[in-house]
Amino acid sequence: MTRLLIVGNGPAAHRFVGQAHRRGYRGTITVLGAEPVAAYNRVLLPSVLAGVLPPAAVALPGPPGTADVRLGVTAVAVDRRRRLVLTGDGHGYPYDHLVLATGARARVPAVAGLRRVDGRPHPRVRVVRALDDCTNLPAGRVVVLGAGVLGVEVAAALRAAGRAVSLVHCHPAPMNRQLDPAAGGMLVRHLESARVEVLLDGRAVEYRRGVLRLADGRRLPADVLLLCVGAEPDTRLARRAGLEVRHGVVVDARLRTSDPRISAIGDCAELDGVVAGRVTVAWEQADTLAAVLTGEPARHRPSRPLTRLCAGGVDVAAIGPTDVPDGQTVLLSDPVRGRYARVTLRHERVARAVVVGLPHAAAALTQLYDRDTPLPGGMLGLLLGAAGCDDPDYEMPAEAVICMCNNVTKQALHDAWHEWGARDVGALATATRATTGCGRCVDVVRRICEALR
Amino acid sequence: MTAVLVVVGHGMVGHRLVQELRSRDTAGRWRVVVLGEENRPAYDRTALSSYLDGKSAHDLTLLGHDLLHDSLVEWRFGVRVTHVDRVACLVTTSDGASVRYDALVLATGSRPFVPPIPGRDLPGCFVYRTLDDLDLLRAAAAPDRPGVVIGGGLLGLEAANALRLLGMRPRVVEMAPHLMPAQIDPDAGRLLGDLVGRVGITAHCGVATQRVEAGADGRVRAVKLSDGSTIEADVVVFSAGVRARDDLADGAGLPRGERGGFLVDDRCRTPDPHIWAVGECAAVNGRVYGLVVPGYRMADAVAAVLLGQGDAAFPGADMSTKLKLFGVDVASFGDAHGRTEGAWDLVYADEDAGTYARLVLAADDATLLGGVLVGDAAAYPVLRPLIGHRLPAAPEYLLRARS
């Protein structure tokens, strides 16, 4: 019987175990989780942070079948020759196949004062990565450092829970990797109208005596400082074991590392030069690996990029890759009501879309993108969620002025037709003077004639 | 008893007034005296560049045979009014004559504004307003030589087209960051710059002209810009705006608008009950309109008043414009800049096809307020009449409208 060993107990590992079981994996499965808690849904952590969800609410259902999950066990080395994983408590776990699902570690920026003098972490400074980071947040004003997806989500959630929040970002617009500048600006307006203080182009330099100082001299009082400046794949184990590692642990489309008996999935894995860093990708990789290890010729196909953020009244969606050439674009820009959508189309299909403040549109566009189906009708209707009139034989209103030079309405043309018997463009011109000015309305007058016949 | 109406100026709007009045004055209440400064009768100034593209002055004239020989209209061309005596109800002309009036309509139009930069009077500098200006330009143009147009608005692009028709290599200098800043938004302006570039006209935006430089022969040789660069130019055409011709105001004791023009109310009346002003020389409640269609509406309103056929106010101007130059279409209509409260934008852009359509919609998400079209303005005659109305169909259908 093959012994399957998984290092890591996050969403990727959890999903993998479930899928392997569902596919009838016949060997033993052992999971080594470094955190002392059962697997939980990391995506919900901002809600725990905001005190909206208790920690127990984010726990994932227990492992199915007979998987053996060891909590609080940290893997420190892999002996590939003996096929053994050595742990911090001095044990060795044998394997026939090893899956690395070690995830990522929060990046700590180069800001002075994040640690105490004695090297211990500052009690008011936290990263936002593990469940432990998100419980018992100290009271007072929260400053969130980093306005990527996580930072925006955390800031919005905390604000919605009634905390005073400032959001600091070193770029000119939040979520700059996903959004174009105009959408970023719209997002700022949403955050500000929710009363999140947003500071852009701000690089943090020092945190001292409860004040965060920025490079340009701005100072922010911060009772709590949350670091949301990104995560790095946790490749320590893989590196020490001599596996091929670039930014992440390099894997092929079957999620295999440079050692055929070792796979890697989730935030620690790099496929085709990309570490996706998204939970949906981690799940897809887990599914693929489960299929591969149960004998299917499965291959991981890079998924289509999709980011959706709904938190504290802020709704942002970034659909599709950012490097799509402009092609055909539809833009809806309504700063007054905080609505924004920029959709790039290719062959009548959604190739890229950024949506702010239009939740139904975001959902509709996501669906169209996922299924790669052509647009069913007009874009405006889709964006506003209205049925919209797609009838090509529409009616021009009667009071519409057709001939501007001579101030002739459609009604006037109709009257001339019916009351004066003017039945062609020339006769209408004589009766109403339409088309006798600059002449640009002649096509529309002709159309009206044809419609009347 | 026929009253005398004197019309000062025979441009497009002055002509419209005479036309409108004569067609509706079946009882012959008014005898009209038209005093036109140019040596020719009114012509279609909006089609000026076609004069260099095969059309003759005669082709452009607006004065038809019937009106020319109308017994109740006296036409005097090449005559400039120098003074208005409101007490005696008399106008004096440059040839020494006096004409009595019962009603006076001022339709003196505008003159080109030439910015006060050094070198503006050098031989080789021109303005772009009258057929005479075009004759001078034609005489000075040399094939394949560079020409610079100062001012990248509607008129500037027409002037650039004129230079192109004359075989020259035109460049346009515009102070705003993009072309046609009064009519279109920055993104549309960018595309317009690209499209115009594709037909050989280079636009220099975001720079001002500092001086016009002369060559050894004392004629225009180059134009120096505010960014330090210099552009070669054999010919310079100023199209940097117009100023209302309100010179008669002082002598007549009539007030001017803040930005010039004879100050009138929304019925085009000056403070004098016998004097009106229409067209580009009129400042309606202080505002001057530089397009012909608002002038037409003013002329229609005054004609109606003179005939006692209503007292309708000038209904406000539709500032819509459509331009087709060098194969590039541009249209701007309604509240193109989205200044109405609650207005928002819907833009359909196709980089590959080089088209841009921006619709400005009202807060009700259904009413069209205005828009801008660049690259393909075929939908203009369909969209413009829909201003103020609910969109009757999805924008894609309206934009694809072909007749």
Side-chain angles (χ1 to χ4, degrees), chain A residues 182 325-337 339-346 375 377-386 388-410 433 437-448 450, chain B residues 12 16 19-20 23 44 46-47 62 187 292-294 296-297 300 315 318 320 322 324 331 333 338 341-353 355-359 361 363 365-366 377-378 380-382 384-398 400-403:
Chain A
D326 273 340
Q328 289 176 300
T329 316
V330 181
L331 171 71
L332 184 158
S333 173
D334 183 4
V336 170
R337 278 182 295 173
R339 304 182 299 174
Y340 179 92
R342 187 188 183 91
V343 185
T344 304
L345 298 167
R346 280 218 110 73
L375 276 158
M379 182 65 76
L380 182 60
L382 191 144
L383 292 175
L384 298 182
C389 175
D390 290 340
D391 181 3
D393 295 319
Y394 55 85
E395 277 274 322
M396 189 91 79
E399 331 78 73
V401 175
I402 306 296
C403 171
M404 241 189 2
C405 297
N406 293 287
N407 214 4
V408 183
T409 61
K410 180 181 163 196
R433 298 215 296 183
C438 69
R440 287 187 194 117
C441 60
V442 71
D443 284 339
V444 182
V445 174
R446 198 174 289 132
R447 246 162 141 256
I448 290 172
E450 272 154 31
Chain B
M12 297 175 79
R16 172 77 176 200
Q19 213 180 18
E20 197 58 19
S23 84
D44 186 356
T46 66
L62 296 170
D187 288 330
V292 75
V293 169
Y296 283 174
R297 295 290 87 78
D300 293 348
D318 184 332
S320 305
K322 182 175 179 286
K324 190 188 180 95
F333 50 97
E341 202 182 318
W344 54 275
D345 295 339
L346 187 64
V347 178
Y348 291 78
D350 190 337
E351 279 231 354
D352 305 324
T355 62
Y356 176 97
R358 175 161 167 268
L359 301 181
L361 290 157
D365 286 356
Y380 174 77
V382 168
R384 202 213 29 84
L386 292 172
I387 294 171
H389 298 277
R390 297 176 71 86
L391 289 176
E396 286 88 339
Y397 287 105
L398 299 172
R400 273 185 243 140
R402 294 276 188 283
S403 306

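What you see is a predicted model; the values in this text were computed from it and never measured. Side chains included, hydrogens not; waters and symmetry mates left out as well; all remaining heavy atoms used. Protein chains get the first letters and strands the later ones, always in sequence-line order, with residue 1 at the start of each.
- Of the atoms belonging to A:R342, not a single heavy atom falls under 4.5 Å from chain B.
- Minimum heavy-atom separation, B:E351 to A:D326: OE2-OD2, 3.5 Å.
- A salt bridge links A:R339 with B:D365: the closest approach of a Lys/Arg side-chain nitrogen to an acidic carboxylate oxygen falls below 4.0 angstrom.
- Per-residue heavy-atom pair counts under 4.5 Å with chain A were compared for B:A366, B:A363, B:G342, and the maximum is reached by B:A363.
- For the set B:A343, B:A349, B:A47, the entry with the most heavy-atom pairs within less than 4.5 Å of chain A is B:A349.
- With a threshold of 4.5 angstrom between heavy atoms, B:Y356 does not approach chain A through any atom at all.
- Heavy atoms of B:Y296 lying under 4.5 Å from chain A belong exclusively to its side chain.
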| task | Show your reasoning for whether side-chain contact (heavy atoms from CB on, under 4.5 Å) applies to B:W344 and A:L332. | result | CA-CA 8 Å; B:W344 54 275; A:L332 184 158; 3.5 Å; yes

| task | Would you please test A:V330 and B:L346 for side-chain contact (heavy atoms from CB on, under 4.5 Å) and show each step? | result | CA-CA 7 Å; A:V330 181; B:L346 187 64; 4.2 Å; yes

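- Considering only heavy-atom pairs separated by less than 4.5 Å from chain B, the leading option among A:A341, A:G327, A:P325, A:A400 is A:G327.
- When B:R358, B:E20, B:R384 are compared by the number of non-hydrogen pairs under 4.5 Å with chain A, B:R384 comes out ahead.
- No part of B:T46 comes within reach of chain A, as not one of its non-hydrogen atoms sits under 4.5 angstrom from that chain.
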